[in-house]
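Report on one structure; see the data block that follows.
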Amino acid sequence: MDITKLKIRDMRKMLDSGEISASELTQGYIERIKKYDGNVKSYITVTEENALESAKAAQEKINTGNCAPLCGIPMARGETLGVLAGIPVGIKDNICTDGVKTTCASKMLENFIPPYNATVMEKLDAQNIVMLGKVSMDEFAMGGSTQTSAFAKTKNPYDLNRVPGGSSGGSAASVSASLCAGALGSDTGGSIRQPAAFCGVTGLKPTYGRVSRYGLVAFASSLDQIGPLAKDAHDCAVILNAIAGYDRHDGTSSKNPTEDFTAKIGMDMKGVKIAIPKEFYGEGIDKEVADEVLKAAETYKQMGAELIECSMPSLKYAVPAYYLISSAEASSNLSRYDGIKYGHRSEIGENFNELICNSRAEGFGSEVKRRILLGNYALSSGYYDAYYGKALALRQKISAEYDSIFEKCDMILTPTTPSVAYNADENVSDPVKMYKADICTVTVNIASLPAISTTCGYNKDGMPVGMSIIGKKFDEASIIGAADAFEKTFAYKAPEMV
């Protein structure tokens with residue numbers, strides 16, 4: 001048995017029973033990374049020494065605890081050992097990690113070592129997790145392929161000639177290839193769910209504000225959200241339990257009470273109303289993808305769920321609205337990288353202005369520059385009302401359409417992506433084509449909703465097809481339960497290369 005291919009809750013049982021140790025589990029992942037990641041390229045930084053030290057510390061705490069269910073292990077000193085104690089995970093490289101490089105896959109932050117932890121890292125460290133390293137991503141989370149990374153252009157474990165998706169491509173690929181037990185990613189317009197679909201794993205984008213963004217390097221502050229990727233929905237729920245909650249350091253953090261996100265695992269789908277918006281299955285969606293998701297819908301119907309056809313007319317405007325809003329916010333957030341305060345500093349420049357211009361020209365890649373230009377243009381005095389203002393109006397309209405659907409339905413089922421993972425030489429050189437590929441995911445971020453993507457089928461080439469279940473605000477437990485219900489009926493196929 002290869003322990004690195006187990007699900008988190010199975011690892012938990014084996015660690016608690018003493019069948020395996022945290023050090024053995026961590027060493028197993030390190031060996032797999034050395035064996036396979038040269039091809040997959042999911043990691044930017046592997047923290048082998050720190051991981052082994054963390055595993056040893058976790059094992060010492062496990063040894064002092066008593067076996068208990070997934071709610072935590074009581075310890076002699078009155079502490080509670082975390083559910084994720086000793087579990088090896090990967091962290092997206094835009095989440096600050098104290099003393100460990102956080103590059104955002106950009107030359108601009110190539111040597112940046114944060115002096116503090118993001119709140120999610122504080123929460124995970126309190127659980128005694130083992131961080132295996134920082135996984136790759138599109139530069140500053142801008143892209144859908146992880147091919148804009150300056151350091152590790154990640155490959156899809158199902159086919160190394162194809163992209164893993166993005167921007168959390170390293171997170172998805174590392175879970176898919178069993179190079180970590182689970183991972184954290186960030187989702188601005190589908191950046192957790194799209195790579196989860198491409199790589200055949202499960203990814204959850206929580207409600208905006210559910211998980212603190214403190215310590216997440218900002219792309220678009222009103223859209224960004226940290227979330228988990230794992231082998232299945234149950235494992236995603238376990239990770240979300242550890243990282244969710246109010247944080248006074250984050251002004252957008254919600255005070256809405258957290259819950260046990262595993263509470264609806266095993267839920268009965270009988271009587272659940274699932275919306276099927278016709279626009280998500282029409283023009284621009286590959287037939288193989290639409291067919292597999294509709295088959296999943298029929299599976300839910302057989303479980304007793306009620307399928308309700310509906311419409312979302314504003315979907316056709318979603319991509320332009322998203323890119324105007326996100327690029328405008330990105331242009332503001334990235335203005336701090338000037339080569340003066342921190343970040344890459346050019347060696348060329350005879351005065352202050354030249355130094356800033358050269359530092360930004362050398363430090364940023366082409367996709368980041370493109371979005372900064374778009375954002376500055378949309379915010380300029382002559383075009384603000386014509387572009388950015390209209391995008392904000394569309395945001396309200398899209399949110400209203402979701403509210404209308406949720407008045408009649410409990411959740412919404414859509415494809416996660418219009419197609420399966422594409423070859424690395426496709427789309428990357430055509431930004432407009434790549435932007436259009438976000439059509440199925442961006443509305444969730446625009447409306448601040450939770451959504452989970454899980455595998456629902458495979459195309460003729462054996463590539464995974466993902467479906468998304470969209471829920472009401474702060475109702476992550478229901479969509480996790482629905483995803484779990486389907487996963488228990490589904491025959492998962494692991495990538496053959498591992």
| Worked check of side chain to side chain contact (heavy atoms under 4.5 Å, CB included) between Cys440 and Ile285 | CA-CA 9 Å; Cys440 295; Ile285 308 298; 3.7 Å; yes

| Side chains of Ser178 and Lys231: do they bring a donor and an acceptor to under 3.5 Å? | yes

| request: Please lay out, stage by stage, how Arg193 and Val444 fare under the test side chain to side chain contact (heavy atoms under 4.5 Å, CB included). | output: CA-CA 11 Å; Arg193 291 159 288 147; Val444 168; 3.5 Å; yes

| request: Just jot down the side-chain contact (heavy atoms from CB on, under 4.5 Å) partners of Ala233, sequence neighbours excluded, or say none. | output: Thr202, Ile452, Ile480, Ala483, Asp484, Glu487

| said: With a 6.0 Å cut-off on the ring centroids, do Tyr458 and Tyr492 count as close? | reply: no

| task | Answer yes or no: is there a side-chain heavy-atom contact under 4.5 Å between Ile479 and Pro450? | result | yes

| task | Start with the C-alpha distance between Arg9 and Asp232, add both sets of side-chain angles, then the distance that settles salt bridge (Lys or Arg N to Asp or Glu O under 4.0 Å), and finish with yes or no. | result | CA-CA 11 Å; Arg9 53 197 184 276; Asp232 63 8; 2.6 Å; yes

| said: Below 30° counts as parallel, above 60° as perpendicular, anything between as tilted: where do the rings of Phe364 and Phe140 land? | reply: perpendicular

| request: Would you mind reporting whether Val420 and Val465 have side-chain heavy atoms less than 4.5 Å apart? | output: yes

| field | Beyond-backbone contact of Tyr158 with Pro164, side-chain heavy atoms, under 4.5 angstrom | value | no

| Heavy-atom closest contact (Val130 atom, Ala51 atom, distance) | CG1-O, 3.4 Å

| task | Could you check whether the rings of Tyr342 and Tyr337 sit parallel, tilted or perpendicular, using 30° and 60° as the cut-offs? | result | perpendicular

| message | Assess, by modelled atom type and distance only, whether the side chains of Lys264 and Ser478 contain a donor and an acceptor separated by less than 3.5 Å. | response | yes

| query | Just checking, is any N or O donor in the side chain of Thr207 or Glu476 under 3.5 Å from an acceptor N or O on the other one? | reply | yes

| task | Check Met142 against Ser167 and note the closest heavy-atom contact, atom names and distance. | result | N-CB, 4.4 Å

| query | Would you find more than 12 non-hydrogen atoms of other residues, nucleotides or ligands less than 6.0 Å from Phe112 atom CZ? | reply | yes

| request: Answer yes or no: is there an ion pair linking Glu298 with Lys295, defined by an N-O contact shorter than 4.0 Å? | output: no

| query | Distance only, no hydrogens: is a donor on one side chain within 3.5 Å (strictly under) of an acceptor on the other, for Ser453 and Thr416? | reply | yes

| Cys96 side chain reached by Met121 side chain, heavy atoms, under 4.5 Å | no

| Nearest heavy-atom pair of Asn445 and Gly189: which atoms, and what distance? | OD1-CA, 3.4 Å

| field | Closest approach of Leu15 to Ala22 (non-hydrogen atoms, all atoms of both residues) | value | CD2-N, 3.4 Å

| field | Stepwise ring pair (Phe, Tyr, Trp, His ring centres under 6.0 Å) check, Tyr317 with Tyr322 | value | CA-CA 9 Å; Tyr317 305 117; Tyr322 166 77; over 10 Å; no

| request: Look at atom NZ of Lys153 and say whether more than 12 heavy atoms of other residues, nucleotides or ligands are closer to it than 6.0 Å. | output: yes

| Any side-chain donor paired with an acceptor under 3.5 Å for Thr414 and Ser468? | no

| query | Any luck finding a side-chain donor-acceptor pair between Thr45 and Asp93 under 3.5 Å? | reply | no

| said: If you define the side chain from C-beta out and look only at heavy atoms, does anything of Val293 sit under 4.5 Å from Tyr281? | reply: yes

| task | Using a strict 4.0 Å threshold on nitrogen-to-oxygen distance, state whether Asp10 and Lys5 make a salt bridge. | result | no

| query | So, Thr97 versus Asn117: side-chain donor-acceptor pair below 3.5 Å or not? | reply | no

| Given the rule in the side chain to side chain contact (heavy atoms under 4.5 Å, CB included) test, do Thr443 and Leu315 qualify, once you have shown the distances and angles that lead to the verdict? | CA-CA 8 Å; Thr443 55; Leu315 182 66; 3.8 Å; yes

| task | Just do the side chain to side chain contact (heavy atoms under 4.5 Å, CB included) check on Lys134 and Tyr43 with the steps written out, would you? | result | CA-CA 6 Å; Lys134 305 300 288 292; Tyr43 282 86; over 6 Å; no

| request: Carefully, step by step, assess Ser136 and Lys41 under the rule side chain to side chain donor-acceptor pair (under 3.5 Å). | output: CA-CA 8 Å; Ser136 194; Lys41 302 183 186 303; over 6 Å; no

| remark: Heavy-atom closest pair (Ala141 atom, Ser191 atom, distance to 0.1 Å) is O-OG, 4.4 Å

| Other residues, nucleotides, ligands: >12 heavy atoms within 6.0 Å of Lys56 NZ | no

| request: Indicate yes or no: does Asp187 engage Lys92 in a salt bridge with an N to O separation below 4.0 Å. | output: no

| said: Any donor-acceptor pair under 3.5 Å linking the side-chain atoms of Glu139 with those of Ser149? | reply: no

| Knowing that exactly one of Arg360, Glu362, Lys107, Glu110 qualifies, which makes a side-chain hydrogen bond (donor to acceptor under 3.5 Å, both in side chains) with His344? | Glu362

| Tyr323: partners by side chain to side chain donor-acceptor pair (under 3.5 Å), with sequence neighbours left out | Asp438

| Got more than 12 heavy atoms from elsewhere within 6.0 Å of NZ, Lys436? | no

| message | Looking at Arg371 and Glu367, is any side-chain nitrogen of the basic one under 4.0 Å from a carboxylate oxygen of the acidic one? | response | yes

| query | Charged N to carboxylate O below 4.0 Å: is that the case for Arg32 and Asp2? | reply | yes

| Asp224: salt bridge (charged side-chain N to carboxylate O under 4.0 Å, His left out) partners, not counting sequence neighbours | none

| said: Does any part of the side chain of Asp430, heavy atoms only, come nearer than 4.5 Å to the side chain of Val432, both counted from C-beta? | reply: yes

| task | Indicate yes or no: at least one non-hydrogen side-chain atom of Lys7 is less than 4.5 angstrom from one of His234. | result | no

